[in-house]
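If you're wondering where the values come from, they're calculated on a predicted model, not measured in any experiment.
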Amino acid sequence: MQDCNPQLNLSDRLSRQWAVWLIVLTIPVVCYGITLLMPTFDDFTYFTAPYPKSLSERLIPFGSYWRLFDALFGYFIERHVGLFPLANHLCVFAGHIGNTFLLYRLLERLKVGPLARNFGLLYFYMAPGVLGTVLDIDSLNQTYSLLFDLMGLLCFVTLEGRWRLVGWIACTYVATLFKENGIMWFVITPLLASMLLHCSKKTIFRFVAVGMCCALLYVAVRLSFPVNHSPFNHEYIETTFVAKLKDLFAFIGLTFLPLDYVALVHDRNYLWTACSAVLTLSFFGYVSVKNHRTLLGKTGLLLLLCVLIAAAPHLATVFTAMHAYGLMPLMALLWALLINRLPRKPLLLSLMTVSLFTITLIDLHHWNETRLSGQRQEQLSKQALRVLGAPVDSVFSINIVDGYRKYSTFCVRPTDAFAWGNGVQLMTAYRWPKTWEDVSIPEEQRRRVPEIADSAYRVGFRKVLLISHETVTLVAKRNAQDKQEP
């Protein structure tokens, strides 16, 4: 018999899928907010920036990267400079929405209740751990690598026969060509399938073996290509004890402890940091303690193992705010499973509401600091254009490194935000200056500025700029008399 009360059906759907509707309603606001974020630092120098570069060199392994789709996007944006960074932002956010939808499908496969499904979905959408990717400009690779990994997982658990293998392997290869860490899902997907499909251990081990063979094939193909060597970021090969300890703390904090790290690292506002920790972790602590059997059981430990596998490439190199993104769907699944086994009591609902509200405040704080960093870049670039006046072919800049407390891509030191003059070149559509080099010196060495400027002028630079705090000044060329000691 057909239901004759459509209003009741709509009300029931809204109550069961409130997170979906909330996400849909916030999409226009978030889209507008991210379009206000301007590029800083290495946003200007990665593949997806519009500076002139060789596509053919980047289609094959380039230094430590083999990111085919970033190269293609960079080729497009280079020919449409006016779309940068808007196109980057919109593509990254569209990918994030896609990942959120795929997570919803996975939560449906888990058959968790409405409350657990809604929280898991909303947590992934807005968790502090996703901000390093969602608010960034050069994170196309991280976003779409995860998207194709999740598509591969869904292919694995929804298709049958050879199409299961074809869909999983094809999607995971595409994910790996977006970013190298996608290769870890050749192992993660079969492990998660044991939870979603309840496969036997023998079957899972067989699929893991297939996945590892596929991973080895990728490595063999990659090593067969010639490598275009590029300047290597030595931060990725720093193996000191202190560096690895920082990576471990970043992994634990960004993955398991959603609190306001901008307030902790940049603002040094320890009171709000403590408050944000209490308001968010009281909920996560409550569900962990109340359902410790699931957390420490087979399913919980399996998900934690997958989190560790996904994080392994970054823990081996460097773990930053961006690298937490690929772990967040796994954490969302874990929290949803823990909540699903708990009775729907007022205390649980109250703690969940307070936690989500606090996470919203944390997100806004991170967004605002990112916006301010981008504004500083714009202001410095406009100042530099005014100081330079007419077009010049070569510029040298001297950056004064001050005591600004930087934090990831959210709080960027003004001289770093200036990005070695790349902002100026972007504003001139890369027509001029053709050459821009720089040097950074600490505040206490400011007296060396005239000497450094003399050296720059001597080797042929037309203009020398001093970048100090949030101001740009021209360092004039001195004559012989000016250089004499008093």
Checklist outcome for this item: Residue set satisfying ring pair (Phe, Tyr, Trp, His ring centres under 6.0 Å) with Trp420, at least two apart, ordered chain then number -> Phe41

Checklist entry - So Leu333 and Leu103, side-chain contact (heavy atoms from CB on, under 4.5 Å) or not? Walk me through it. => result CA-CA 8 Å; Leu333 290 173; Leu103 178 65; 3.9 Å; yes

Next on the checklist: Would you say that Leu153 contacts Trp168 through its side chain, given a criterion of any heavy-atom pair below 4.5 Å between the two side chains?
Outcome noted: no

Item to check | Intermediate values then yes/no, ring pair (Phe, Tyr, Trp, His ring centres under 6.0 Å), Tyr218 and Trp185 | outcome: CA-CA 13 Å; Tyr218 164 83; Trp185 285 71; over 10 Å; no

Checklist entry - Side chains of Tyr430 and Glu78: is there a donor and an acceptor less than 3.5 Å apart? => result no

Next on the checklist: As an exercise, state the distance from CZ of Arg341 to CG of Leu295, rounded to the nearest 0.5 Å.
Outcome noted: 12.0 Å

Item to check | Aromatic plane relationship, Tyr404 with His266 - under 30° parallel, 30 to 60° tilted, over 60° perpendicular | outcome: tilted

Checklist entry - Is the ring centre of Tyr125 less than 6.0 Å from the ring centre of Phe101? => result no

Next on the checklist: As a quick check of understanding, evaluate ring pair (Phe, Tyr, Trp, His ring centres under 6.0 Å) for Phe186 and Tyr173, giving each step before the final call.
Outcome noted: CA-CA 9 Å; Phe186 277 124; Tyr173 271 136; 5.2 Å; yes

Item to check | Short side-chain to backbone donor-acceptor contact, Ser276 and Thr273, under 3.5 Å | outcome: yes

Checklist entry - To the nearest 0.5 Å, what is the distance between CG (Leu135) and CG (Asp363)? => result 7.5 Å

Item to check | Check: Leu426 and Asn422 side chains under 4.5 Å, non-hydrogen atoms | outcome: no

Next on the checklist: Restricting to salt bridge (Lys or Arg N to Asp or Glu O under 4.0 Å), what partner residues turn up for Lys246, sequence neighbours left out?
Outcome noted: none

Next on the checklist: Taking ring pair (Phe, Tyr, Trp, His ring centres under 6.0 Å) as the definition, give me every residue that meets it alongside Tyr261, ordered by chain and number, with sequence neighbours left out.
Outcome noted: none

Checklist entry - How are the rings of Phe207 and Phe156 set relative to one another: parallel (under 30°), tilted (30 to 60°) or perpendicular (over 60°)? => result perpendicular

Item to check | Interatomic spacing from SG in Cys171 to CG in Leu154 - rounded to 0.5 Å | outcome: 9.0 Å

Checklist entry - Between Phe284 and Trp335, how do the two ring planes meet: parallel, tilted or perpendicular, split at 30° and 60°? => result tilted

Next on the checklist: Any heavy-atom pair between the side chains of Phe69 and Val174 that's under 4.5 Å?
Outcome noted: yes

Checklist entry - Could you give the distance from OG1 (Thr370) to NE2 (His365), rounded to the nearest 0.5 Å? => result 9.5 Å

Next on the checklist: Within the 4.5 Å heavy-atom criterion, are His96 and Thr133 side-chain neighbours or not?
Outcome noted: no

Item to check | Short side-chain donor-acceptor distance under 3.5 Å, Tyr65 and Asp70 | outcome: no

Next on the checklist: Quick one about His323 and Asn181 (side-chain donor to acceptor, distance below 3.5 Å, no hydrogens or angles considered), yes or no?
Outcome noted: no

Checklist entry - Taking the side chain as C-beta and beyond, is there a heavy-atom pair between Phe44 and Gln377 under 4.5 Å? => result yes

Checklist outcome for this item: The reported gap from CG in Asp138 to CE in Met322 (rounded to nearest 0.5 angstrom) is 4.5 Å

Checklist outcome for this item: In short, ring-ring contact (aromatic ring centres under 6.0 Å, His included) pairs touching residues 127-155 with sequence neighbours left out are Tyr144-Phe178, Phe148-Phe178

Which donor-acceptor pairs under 3.5 Å do side chains of residues 302-313 form with protein atoms, sequence neighbours excluded?
none

Checklist outcome for this item: Residues at least two apart in sequence or cross-chain that pass salt bridge (Lys or Arg N to Asp or Glu O under 4.0 Å) with Arg117, listed by chain then number, are none

Checklist entry - Just wondering, do Val265 and Arg405 contact through their side chains at under 4.5 Å, heavy atoms? => result no

Next on the checklist: Working note: Phe84 + Phe76, criterion ring pair (Phe, Tyr, Trp, His ring centres under 6.0 Å); need CA distance, chi angles, decisive distance, verdict.
Outcome noted: CA-CA 10 Å; Phe84 180 80; Phe76 167 79; over 10 Å; no

Checklist entry - With a 4.5 Å heavy-atom cut-off, do Ile137 and Thr48 have their side chains touching? => result no

